[in-house]
Amino acid sequence: MSISQCIRKIALLVGLFVSMAGQVSWADEGAPTFVQGKNIFIETGVEAPDRSPTWYAPMVAKPYAPVFQMLATRGTQGRYYPYTYPVTLKDLIRFHGHDCEGTSHAANAAWVAFKILFPDGIIDRSVLAGITGPSPCWSDAVAYLTGARVQYGTLGFFKDKRYNHAILLYRTDTKVAVLATLKKGINNIPGEPVMLPGKINWEPKVDTKKVMELKAVVKKAGGNPTPYQVDEMRYLQWMHINDILEHPLEDSYQAKVIESFKWSDWADSSKAFSDTIKRSDVRLKNYPYRESPISDK
């Protein structure tokens, strides 16, 4: 028996064992799943991203609007595809339901974090978990880009409310966690500090202090803003995001690797499922192939 045949049979046995044993916990995954260009060859840029501006996604055509190259599997029990598909802010907005400042901020911060987590630019949604604030603007962006879900125990919410407008992304295979957030100077959320030290070195067109003052009125529970204030806040947020995307994202967002990361140190257990569901749709992503393209074995 040749070495290649031995390897193939061992891989088959491992696959059968996993099939019988069930999906392992996401926290128990081991070494990196693949190394692009060495043990897998994935073609990227094979589909044009949707960067046509619309009334609900006007910022998507800006020069630094992020494009994410996503790696998926073939169906619910399939192997990796050999290609990636692109995701833009326009796709995120359709998923979230409307264009808002928070979804763009979360996506931009994720792009900076992904540069650390996936230096080859290929985002493997099968090995990601994330922690975010409770706002759906942020949690929807993290869920869409990472595949993290509350029912799997891979989408959590920060214990410390000061981080509510940051995101933390975790690669379960490499055990690398990255905290990403705004830089000081583009933040406009009342009462929430920027939790990393970076500052912008460019001058925004929008006065962020004015936006904070408007938000304090418009977003106040039970408040009674004027119609003008509602329109003005939306307009300033729209201007702000379009302005940010005229600059490289690293100029406005920052990221930091969290050493000795523990999920329980960051995620609020009171906002998690007590009995999570084991993810099974990526169980066979590394399954061996048939002996030949035309074969029943």
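Between Tyr152 and Phe273, the distance separating the two ring centers is not shorter than 6.0 angstrom.
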For residues 108-119, which side-chain donor-acceptor pairs fall under 3.5 Å, sequence neighbours excluded?
{"unit_1": "Asn108", "atom_1": "ND2", "unit_2": "Ser104", "atom_2": "O", "d": "3.2"}
{"unit_1": "Asn108", "atom_1": "ND2", "unit_2": "Tyr253", "atom_2": "OH", "d": "3.0"}

Under 3.5 Å, side-chain donor or acceptor atoms of residues 189-201 against the rest of the protein: list the pairs with distances, not counting sequence neighbours.
{"unit_1": "Glu192", "atom_1": "OE1", "unit_2": "His165", "atom_2": "ND1", "d": "2.5"}
{"unit_1": "Glu192", "atom_1": "OE2", "unit_2": "His165", "atom_2": "ND1", "d": "3.2"}

Acceptor/donor pairs from residues 35-47 side chains to any protein atom, 3.5 angstrom cut, sequence neighbours excluded:
{"unit_1": "Gln36", "atom_1": "OE1", "unit_2": "Ile42", "atom_2": "N", "d": "3.0"}
{"unit_1": "Gln36", "atom_1": "NE2", "unit_2": "Ile42", "atom_2": "O", "d": "2.8"}
{"unit_1": "Asn39", "atom_1": "OD1", "unit_2": "Val35", "atom_2": "N", "d": "2.7"}

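Remark: Asp243 pairs with no residue by the side-chain hydrogen bond (donor to acceptor under 3.5 Å, both in side chains) rule, at least two apart or across chains. Evaluation of the side-chain hydrogen bond (donor to acceptor under 3.5 Å, both in side chains) rule for Tyr163 yields no partner, not counting sequence neighbours. In this structure Thr208 satisfies the side chain to side chain contact (heavy atoms under 4.5 Å, CB included) test together with Asn188, His240, sequence neighbours excluded. For Glu232, the side-chain hydrogen bond (donor to acceptor under 3.5 Å, both in side chains) partners two or more places apart in sequence, or in a different chain, are Lys210. Considering only residues two or more places apart in sequence or on other chains, Lys271 meets the salt bridge (Lys or Arg N to Asp or Glu O under 4.0 Å) condition with Asp268. For Lys62, the side-chain hydrogen bond (donor to acceptor under 3.5 Å, both in side chains) partners two or more places apart in sequence, or in a different chain, are Glu246.
Grouping Ile, Leu, Val, Met, Phe, Trp and Tyr residues whose side-chain heavy atoms lie under 4.5 Å apart, directly or via other members, places Val211 in a hydrophobic cluster with Val206, Leu214, Val218, Val230, Met233, Tyr235, Leu236, Trp238, Met239. Apart from Met212 itself, the hydrophobic cluster it occupies contains nothing, where clustering links Ile, Leu, Val, Met, Phe, Trp and Tyr at side-chain heavy-atom distances under 4.5 Å.
In this structure, the separation between OG on Ser139 and CG on Leu155 is 6.5 Å, given to the nearest 0.5 Å.
Remark: Arg283 does not engage Asp281 in a salt bridge, criterion side-chain N to carboxylate O under 4.0 Å.
The ring pair (Phe, Tyr, Trp, His ring centres under 6.0 Å) analysis of residues 172-206, with sequence neighbours excluded, yields the pairs Trp202-His247.
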